[in-house]
Student: 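Just passing along the structure, written as structure tokens.
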Amino acid sequence: MCFGVLNISWAATAAKHYTELQLPPLPQVKVPKYERTVMNNGMVVYLMEDHELPLVSGSVIVRTGDRFESADKIGLARLTGIVMRSGGTQKHTPDQLNEMLEQRAAFVETGIGETAGNASFQALSEDLEMVFGLFSEVLRSPVFAQEKLNLAKTQLRGAIARRNDDPDDIASREFQKLIYGKESPYARTEEYATLNNISREDLVKFKEQSFYPNNIILGIVGDFDSKKMRSLIEAKLGDWKPNPKLAKPQLPKVSQNKRGGVFIVNQPQLTQSNILMGHLGGQFKSPDYPALDVLNGVLNGFGGRLFNEVRSRQGLAYSVYGSWSPRYDYPGMFIAGGQTRSDATVQFVKALQQEIKRIQVQSVTPKELAFAKESTLNSFVFNFEDPGQTLSRLMRYEYYGYPSDFLFRYQKAVAATTAADVQRVARKYLKPESLVTLIVGNQNAIKPSLTQLATQVVPIDVTIPGSPTQATKN
């Protein structure tokens, strides 16, 4: 048997460094055609036809959220969102719902998060009428079966019992408490006691506070005829009575809880430190958000300052990042952090502090600016990977009161961002003196001591209060 000799000399001569590659310009992003209407009962409806596959997907956004639950019943919103679907409807038991959907490879799901409630469905085009009917039932007439509430509580108690298993989860949870305050709706956590306070009647009441057509945005995308779809929506949801007394809820006030300080969650079993640093941030609607996003690009990724300096040159990190992370209708956070060896913890924190200060005083180079803007603009197209994603974004912007072309305004502003803009927002929004530092790690293995960072290092106790065995039957 004779084998030919593979000539690979061309590869050596043709290979180029990634910075030398010449790529064609990205295609212009276009929003697919859609229609927006408002039903007589106040429900906002978006329809976007897409006939590429014989599928139809839909979702609703409901003006609610766990930030509106009372402090003694944390977990109520999440339980309402779970049991709304799992507990069946007035016409169909949970088992009947599951069987009917499974036979058609369809789904109906519900949930309530921090700032909104949601429900969604997906079905083959031929099954649309039946599945949309079940979806409408779940929205309008859930029964919140007691046994399903008991099951959901058991699952959440299990999550509480395991919440200290992952140091990343500990760091994220406790850092939010340091920034927003442990009593803030944006940081508080479910406990065994708060779950025990929640009854089936609480779920019914929480749902009835917000699930009305004049408090809902519905969006449907896929293989359907818009005229027929409008008729189906009218048939299933048109007689749903609005609540004329519905008022937009007052959002919780936000202020930074801790200003500065070093905090430690001692986990003796760990061989590395998980570190978060940061302070209160802002919202997407800030006119400076595009420049702040370019600043993120200067700091992060391959070729970013943090990767080059902290990870590559100093060799201090397995991972490192720094990000201005806004929210839609309340202040987000600026967060920097990463993971490092226990004995490199103090050096890592100092290196991050130095880079945050450096971006305020040392102007970004033309190369850094071009890299950051290009990576930011290149990622823009991924906001429009499919029509469903585009429709979801349109609905979200309406829900939070943003203009429908917000993303395109952002794109233009990123393209216009200058090096002076980046330094200006770095000086204006980054607050080195207010940085809160949290370490989750083995305190005894951290050498030199954390007292090199602060005279007082505050311990955080993450012991889980109460016991799951104290569960009540409600």
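Only a predicted model underlies this, so the values are computations on that prediction, with no experimental measurement involved. All values below were derived from every heavy atom in this structure, side-chain atoms included, with hydrogens, water molecules and symmetry-related copies excluded. Along the sequence shown, residues carry numbers from 1.
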Student: Once you round to the nearest 0.5 Å, how far does CD1 of Ile439 lie from CZ of Phe263?
Tutor: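 Atom-to-atom, Ile439:CD1 and Phe263:CZ are 10.0 Å apart.
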Student: Give a yes or no on whether a salt bridge exists between Glu174 and Lys177, defined as a side-chain N under 4.0 angstrom from a carboxylate O.
Tutor: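 Yes, charged N to carboxylate O under 4.0 Å.
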Student: If you count the non-hydrogen atoms of other residues, nucleotides and ligands that lie under 6.0 Å from CD in Glu52, is the total more than 12?
Tutor: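 No, because the 6.0 Å sphere around CD of Glu52 holds 12 heavy atoms or fewer from other groups.
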Student: As an exercise, state the distance from NZ of Lys73 to CG of Leu203, rounded to the nearest 0.5 Å.
Tutor: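 Separation between the atoms: 10.0 Å.
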Student: Decide, yes or no, whether a salt bridge links Glu191 with Arg163 under the criterion of side-chain N to carboxylate O below 4.0 Å.
Tutor: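 Salt bridge flag = yes for Arg163 with Glu191.
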Student: Judged by modelled atom types alone, do Arg63 and Asn214 share a side-chain donor-acceptor pair under 3.5 Å?
Tutor: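 Looking only at side-chain atoms, Asn214 and Arg63 do not form any donor-acceptor pair under 3.5 Å.
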Student: Do you see a donor-acceptor pair shorter than 3.5 Å between the side chains of Tyr400 and Gln283?
Tutor: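 Checked: Tyr400/Gln283 side chains show no N/O donor-acceptor pair below 3.5 Å.
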Student: Ignoring hydrogens and angles, tell me if any N or O in the side chain of Glu126 forms a donor-acceptor pair with the backbone of Pro54 under 3.5 Å.
Tutor: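 No; zero donor-acceptor contacts below 3.5 Å.
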Student: Compute the centroid of each ring, for Phe121 and then for Phe132, and state whether the two points are separated by less than 6.0 Å.
Tutor: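 Ring centres of Phe132 and Phe121 closer than 6.0 Å.
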Student: Decide whether Arg393 and Tyr397 meet the rule of one side-chain donor and one side-chain acceptor closer than 3.5 Å.
Tutor: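 Checked: Arg393/Tyr397 side chains pair up, N/O donor to acceptor below 3.5 Å.
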Student: Just checking, is any N or O donor in the side chain of Thr93 or Asp95 under 3.5 Å from an acceptor N or O on the other one?
Tutor: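 Absent: no donor and acceptor within the cut-off.
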Student: With distance as the sole criterion, is a donor-acceptor pair present between the side chains of Thr418 and Asp421 under 3.5 Å?
Tutor: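 Yes, a side-chain donor-acceptor pair sits under 3.5 Å.
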Student: With a 6.0 Å cut-off (strictly less than), is the heavy-atom count around CZ of Phe382, excluding the residue itself, greater than 12?
Tutor: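 No, because the 6.0 Å sphere around CZ of Phe382 holds 12 heavy atoms or fewer from other groups.
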Student: Please determine, by modelled atom types, if Asp202 and Ser199 share a side-chain donor-acceptor pair under 3.5 angstrom.
Tutor: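 A donor-acceptor contact under 3.5 Å links the two side chains.
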Student: Do any N or O atoms from the side chain of Arg104 and from the backbone of Leu124 form a donor-acceptor pair under 3.5 angstrom?
Tutor: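 Here the side-chain-to-backbone pair does not exist.
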Student: Just by distance, no angles: are the side chains of Asp168 and Asn274 close enough, under 3.5 Å, to form a donor-acceptor pair?
Tutor: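 Yes, because at least one side-chain N or O of Asp168 sits under 3.5 Å from a partner of the opposite role on Asn274.
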Student: Using modelled atom types and a 3.5 Å cut-off, is there a donor and acceptor pairing between side-chain atoms of Arg67 and backbone atoms of Leu251?
Tutor: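 Side chain of Arg67 to backbone of Leu251, a donor-acceptor pair under 3.5 Å: no, none is there.
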Student: Counting only N and O atoms by type, is there a donor-acceptor contact under 3.5 Å from the side chain of Gln389 to the main-chain atoms of Glu385?
Tutor: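 Yes; at least one donor-acceptor contact below 3.5 Å.
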Student: What I want to check is whether the side chains of Gln90 and Ser141 have a donor and an acceptor closer together than 3.5 Å.
Tutor: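 Side-chain D/A pair, Gln90 to Ser141: absent.
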Student: Going through the distances and angles, do Ser286 and Asp288 end up as a side-chain hydrogen bond (donor to acceptor under 3.5 Å, both in side chains)?
Tutor: CA-CA 5 Å; Ser286 164; Asp288 287 327; 4.7 Å; no
Student: Could you tell me whether the side chains of Arg200 and Asn150 share a donor-acceptor contact shorter than 3.5 Å?
Tutor: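 Distance-only check fails for Arg200 and Asn150.
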Student: Given 3.5 Å as the limit, does a donor-acceptor pair link the side chain of Asn41 with the main chain of Lys241, or not?
Tutor: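 No, because the side chain of Asn41 does not come within donor-acceptor range (under 3.5 Å) of the backbone of Lys241.
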Student: If I compare all heavy atoms of Val320 with all of Leu352, which pair ends up nearest, and what's the gap?
Tutor: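 Shortest heavy-atom separation between Val320 and Leu352 comes out as CG2-CD2, 3.8 Å.
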Student: Residues two or more places apart in sequence or in another chain: which of them pass side chain to side chain donor-acceptor pair (under 3.5 Å) with Thr271?
Tutor: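 For Thr271 there are no side chain to side chain donor-acceptor pair (under 3.5 Å) partners, ignoring immediate neighbours.
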Student: Using 0.5 Å steps for rounding, measure from the CE atom of Met84 to the CZ atom of Phe211.
Tutor: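 Going from CE on Met84 over to CZ on Phe211, the span is 4.0 Å.
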Student: Is the CG atom of Asp72 crowded by more than 12 outside heavy atoms at less than 6.0 Å?
Tutor: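 It does: Asp72 CG has more than 12 such atoms within range.
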Student: Take atom CD in Glu129; do more than 12 heavy atoms of anything else shown fall under 6.0 Å from it?
Tutor: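 Atom CD in Glu129 is not crowded, with 12 or fewer foreign heavy atoms closer than 6.0 Å.
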Student: Within the distance-only criterion (no hydrogens, no angle test), does the side chain of Glu49 pair as donor or acceptor with the backbone N or O of Ser226 below 3.5 angstrom?
Tutor: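 Indeed, once roles are kept as given, a pair shorter than 3.5 Å links the two residues.
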Student: Less than 6.0 angstrom separating the ring centers of Phe175 and Tyr180, yes or no?
Tutor: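 No, too far apart.
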Student: Kindly say whether Glu190 contributes a backbone atom to a donor-acceptor pair with the side chain of Thr194 at under 3.5 angstrom?
Tutor: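 Side chain of Thr194 to backbone of Glu190, a donor-acceptor pair under 3.5 Å: no, none is there.
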Student: Just by distance, do the side chain of Lys285 and the backbone of Tyr328 share a donor-acceptor pair under 3.5 Å?
Tutor: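 It does not hold such a pair.
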Student: Please check if the side chain of Ser231 supplies one atom and the backbone of Lys227 the other of a donor-acceptor pair under 3.5 Å.
Tutor: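 Between the backbone of Lys227 and the side chain of Ser231 there is a qualifying donor-acceptor contact (under 3.5 Å).
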Student: Would you check if the side chain of Thr110 reaches a backbone N or O of Gly81 as a donor-acceptor pair within less than 3.5 Å?
Tutor: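 It does hold such a pair.
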Student: If you measure from NZ on Lys431 to CD1 on Ile356, what distance do you get to the nearest 0.5 Å?
Tutor: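 So the gap between those two atoms works out to 13.5 Å.
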Student: To the nearest 0.5 Å, what is the distance between CD on Gln155 and CZ on Arg78?
Tutor: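 Going from the CD atom of Gln155 to the CZ atom of Arg78 covers 11.0 Å.
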Student: Are Phe284 and Tyr402, when compared by the centres of their aromatic rings, separated by less than 6.0 Å?
Tutor: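 Centroid separation for Phe284 and Tyr402: 6.0 Å or greater.
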Student: Please tell me whether His92 and Glu137 have a donor and an acceptor in their side chains that are separated by less than 3.5 angstrom.
Tutor: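 Yes, side-chain donor-acceptor contact under 3.5 Å.
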Student: Please list every donor-acceptor pair under 3.5 Å in which a side-chain atom of residues 295-303 meets a protein atom from a residue at least two apart or in another chain.
Tutor:
unit_1, atom_1, unit_2, atom_2, d
Asn296, OD1, Trp324, N, 2.8
Asn296, ND2, Asp293, OD1, 3.3
Asn296, ND2, Trp324, O, 3.2
Asn300, OD1, Gly322, N, 2.9
Asn300, ND2, Asn296, O, 3.0
Asn300, ND2, Gly322, O, 2.3

Student: OG of Ser273 to CG of Leu438: how many Å apart, nearest 0.5 Å?
Tutor: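 Taking OG in Ser273 and CG in Leu438, the distance rounds to 10.5 Å.
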